[in-house]
*Asks:* 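Before we start, here is the structure in question, set down as structure tokens.
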Amino acid sequence: MSAIVDFFGIAVIIAVVKVVITFAALLGTTIVVVWFERKVIADMQARIGPSRWGPFGLFQTLADGIKLFFKEDFRPQTADKWTYAIAPVAAMVPALLGFAVIPVGDEVTFGDTTVGLVMSDLNVGILYFLAMGSLGVYGIVLAGWASGSKYPLLGSIRSTAQLISYETAMGLSLVPIALVAGSLSTVDIVTAQAGSVGRVTFFDGIPVLEQISAIFRFIPNWYIWSQWPAFVIFFIAGVAETNRAPFDLPEAESELVAGYLTEYAGIRYALFFLGEYVHVVVISAMAVTLFFGGWDGPTFSFLSWLWPVIWFMIKTVAFIYLFIWFRASLPRLRYDRLMWLGWKRLIPAALVWIMVTAVVNTAGVARGVRLGVFIGLFVVVMIFIARGDPRQLKPVSPQSQGRATRGVA
Amino acid sequence: MILGDYLPILFLIILSTLFAGGSIYASSKVAPKRSTRAKRLPYECGIVPEKESERERFPVKFYLVAMLFIIFDIETVFMYPWAVAFDELQLFGLVEMVAFIVILLAAYAYVWKRGGLEWVE
């Protein structure tokens, strides 16, 4: 054992162990999440859901995966051979890579070695996460183009436009987090959210607000309290990034069959599927890390290193549940409304919120001015959002769609 | 030890690529191969496709979105160093960034008014 440690160095051994555990855990999580989604949606629709394989149908996903593995993997003759083969890998790998910067627990000490429960604590953690989200677009573009078929191409260009639109909103929504934390490292951001809100000095000297702020002492110091508009923008963009309902236009089956997946079968389809569900887990985990204190939670002396991991998992599952709930409740957006929401609401709202955060955190400005700017811009944003009821968007008339559809039904 | 932080990521790239490639390869060994003419055709709702290949042109709107994306994404990239260094820059940083965002908002307003953000005319 020590010979192996001497040869490779302890850092390499730790890295390999972390990678293998993370990879296995993500695959296992995906299997459970797919089962969880089917069970929850079945429950919401008063059905039973998977029930045959294993306890509560838990092995159903595994059975489906094995079935896909043994299915014929044929490709259309119009497909570009290599691009078609690479696309599923290009879709799955970046989704998995996004998890690398997510801290799942506090530091653990084995003997004389201290290991952080994060795969790699990059000093550019948030940027890395956004970059991996962007790389995921390649899998979809390549899949759609390489298939050499109508629906995949349409699905993939739609998806690309959607992803890059919401990518911008997501990038802007995380700037205020970097601003208040003063770091891009996810570990630093979780550390900055430790403890309780404490005494809020912002309202000192203002009669009623000062007393009310005393109760903040019992509330954990998570960024969700001060940064909730950023969270709302981040999470909407996150759902759009994963191509999940109500933003699942790339695979809108009523118009595009299965979008960029149409020409994929067997194990390659399974890889796309895996990538999508891993992406859901990663977005949920990132929302927890940046806005809900990560692994922060009460710990007890018994197995003290395990509690943070359990808290992290409970919070992440809550967000995965939210993803599933969206899919069960919300109808799919129309494409022009999707672009409207991304470009005309989320991006300006995110820009204004960056300014609000910056003004509030500037020490050199008088507090009255900061409070005024805060309330003023807040009201402006609320009015702006309230005015933008998508039902006021004009419906698309058949006439504007050209001759082809005129007179039909 | 900055580069060392990227070591696990390199391992994860290798492991996940091997997993994906390996499962595709293994599947191709065990899965049946019974190719027929109908299977080789691209899908078109069950009818024989009109054209052999479908890599044709698509609306210019999508290119416009891509260009706008680059502008705003570069803006985002500029904002991250500013946000991290905000504690030191304080009021100077705030004024500089407000000026930067106002210039960009002017361009944004122009695009909006010209209908660059409208999807349906």
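Proteins come first, then strands; the chains are lettered A, B, ... in the order of their sequence lines, and each starts at number 1.
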*Asks:* Using heavy-atom distances under 4.5 Å, tell me whether B:Ser28 contacts chain A through its side chain, its backbone, both, or neither.
*Replies:* neither

*Asks:* Would you mind checking which part of B:Ile101 comes under 4.5 Å of any heavy atom in chain A, side chain (CB onward), backbone (N, CA, C, O), both or neither?
*Replies:* side chain

*Asks:* What part of B:Ala85 gets closer than 4.5 Å to chain A, counting heavy atoms only: side chain, backbone, both or neither?
*Replies:* neither

*Asks:* Considering all heavy atoms of both residues, which atom of B:Ser27 and which atom of A:Lys71 are nearest to each other, and what is their separation?
*Replies:* OG-O, 4.3 Å

*Asks:* Quick check for you: among B:Phe69, B:Phe19, B:Trp82, B:Phe72, which has the greatest number of heavy-atom pairs under 4.5 Å with chain A?
*Replies:* B:Phe69

*Asks:* Is it the case that atom CZ in B:Phe100 sees more than 12 heavy atoms from other parts of the structure closer than 6.0 Å?
*Replies:* yes

*Asks:* Please examine the side chains of A:Thr22 and B:Leu12, heavy atoms only from C-beta on, and report whether any two atoms are closer than 4.5 Å.
*Replies:* no

*Asks:* Answer with side chain, backbone, both or neither: which region of B:Phe62 has an atom nearer than 4.5 Å to a non-hydrogen atom of chain A?
*Replies:* side chain

*Asks:* Tell me, for B:Phe86 versus chain A, whether the close heavy atoms (under 4.5 Å) come from the side chain, the backbone, both or neither.
*Replies:* side chain

*Asks:* Identify which part of B:Glu75 has an atom lying under 4.5 Å from any heavy atom of chain A, answering side chain, backbone, both or neither.
*Replies:* side chain

*Asks:* Below 4.5 Å from any heavy atom of chain A, which atoms of B:Leu105 appear? Answer side chain, backbone, both or neither.
*Replies:* side chain

*Asks:* Please check: side-chain N/O of B:Tyr80 versus main-chain N/O of A:Gly171, any donor-acceptor pairing under 3.5 Å?
*Replies:* yes

